[in-house]
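Shown next, in structure tokens, is the structure this report addresses.
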Amino acid sequence: MCCSHRMVCAFSQVAMFFQKSGLPDWAVLVLISMTPAIELRGAVPVGNWMGYSPAITFAICVIGNMVPIAPMLLALRSAFFKKLAKPLLTRAEKKLAGLPTGQSRTLALALFVGVPAPGTGAWTGAIIAYLLDMPFGTAMASIFAGVALAGIIMTILTLAGKVGALVALGVLVAGGVGAIMSAKD
């Protein structure tokens, strides 16, 4: 059994758990999309498994993935959070001080959120936007663009099956190596 098949099976089990509570399938997709670490990357294959069209799955999953982001961005800016996470934030701010500013940060955040890989996604993107001190609207737009990109990638991968997943993995690895090489110059 391949890794992607095991993931779909695991996420399908999560979906069946939620379905037992009587929730409609669209609400199950929203809940899975809202979940940190799973997000829409896990919900898009589940939507396909449930029999939704790719367009409906995409729309439900993008909306579901974005639902918790505005409250999270606002919570990160609260005095309570700043006090709670002060040592971590001080260390992270020092590491981020050398990064470029402006449009390149906005695009970089969108691409970071858009790459369907472990550790990326809207939740992590919200934390990064906070650490970069992005204005709320800019952060939301950048994260939304990344979520939409991730939704497109996951929809294509889901529809393409194993061969498509291998091709996409090759492209992502080549792109990552290219980015690392250009950063060294």
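Only heavy atoms go into these numbers, but all of them, side chains included; no hydrogens, no water, no symmetry mates. Here the structure is a predicted model, which is why all the values come from computation and not from measurement.
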Minimum heavy-atom distance between [X] and [Y], given as atom pair plus value:
{"X": "I143", "Y": "A129", "answer": "CD1-CB, 4.5 Å"}
{"X": "M134", "Y": "R77", "answer": "O-NH2, 2.7 Å"}
{"X": "G42", "Y": "I32", "answer": "C-CG2, 4.2 Å"}
{"X": "L76", "Y": "A126", "answer": "CD1-O, 3.6 Å"}
{"X": "V113", "Y": "G125", "answer": "CG2-CA, 3.8 Å"}
{"X": "G64", "Y": "S33", "answer": "C-CB, 3.7 Å"}

key: Sequence-distant partners of T124, side-chain contact (heavy atoms from CB on, under 4.5 Å), two or more places apart   =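 Once residues adjacent in sequence are excluded, the partners of T124 under the side-chain contact (heavy atoms from CB on, under 4.5 Å) criterion are F112, I128.
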message = By the definition side-chain contact (heavy atoms from CB on, under 4.5 Å), identify the one residue from V44, L149, N48 that meets it with M154.
response =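 Exactly one option meets the side-chain contact (heavy atoms from CB on, under 4.5 Å) with M154, and it is V44.
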task = Give me the one residue out of S53, C61, P54 that meets side-chain contact (heavy atoms from CB on, under 4.5 Å) with T57.
result =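 Result: among S53, C61, P54, C61 is the only option passing the side-chain contact (heavy atoms from CB on, under 4.5 Å) with T57.
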key: same_hphob_cluster(I56, V30) at 4.5 Å side-chain heavy-atom cutoff   =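 Yes, I56 and V30 fall within the same hydrophobic cluster.
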I want to check something: taking the side chain as every heavy atom from C-beta on, are [X] and [Y] in contact at a cut-off of under 4.5 Å?
{"X": "L29", "Y": "V46", "result": "yes"}
{"X": "V62", "Y": "F144", "result": "yes"}
{"X": "L74", "Y": "F136", "result": "yes"}

Residues which pass side chain to side chain donor-acceptor pair (under 3.5 Å) with D133, listed by chain and number, not counting sequence neighbours =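 For D133, no residue satisfies side chain to side chain donor-acceptor pair (under 3.5 Å) once neighbours in sequence are set aside.
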query = When rounded to the nearest 0.5 angstrom, what distance separates CE in M34 from CD in E39?
reply =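 Reported to 0.5 Å precision, the distance equals 11.0 Å.
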key: Distance in Å, T158 OG1 paired with F58 CZ, rounded so as to fall on 0.5 Å steps   =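 Going from the OG1 atom of T158 to the CZ atom of F58 covers 12.5 Å.
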request  = Apply side-chain contact (heavy atoms from CB on, under 4.5 Å) to the pair I127 and M72, showing each step before the final yes or no.
outcome  = CA-CA 8 Å; I127 294 168; M72 183 178 177; 3.5 Å; yes
Flag, side chain of S142 to backbone of A139, donor-acceptor distance under 3.5 Å =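 No, S142 side chain to A139 backbone: no donor-acceptor pair under 3.5 Å.
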query = Would you find a donor on one side and an acceptor on the other, under 3.5 Å apart, between the side chain of W123 and the backbone of N65?
reply =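 Such a contact is absent between W123 side chain and N65 backbone.
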request  = Look at atom CG of L159 and say whether more than 12 heavy atoms of other residues, nucleotides or ligands are closer to it than 6.0 Å.
outcome  =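 More than 12 within 6.0 Å, yes.
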Residues, nucleotides or ligands: over 12 heavy atoms within 6.0 Å of F81 CZ =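 Count over threshold, so yes.
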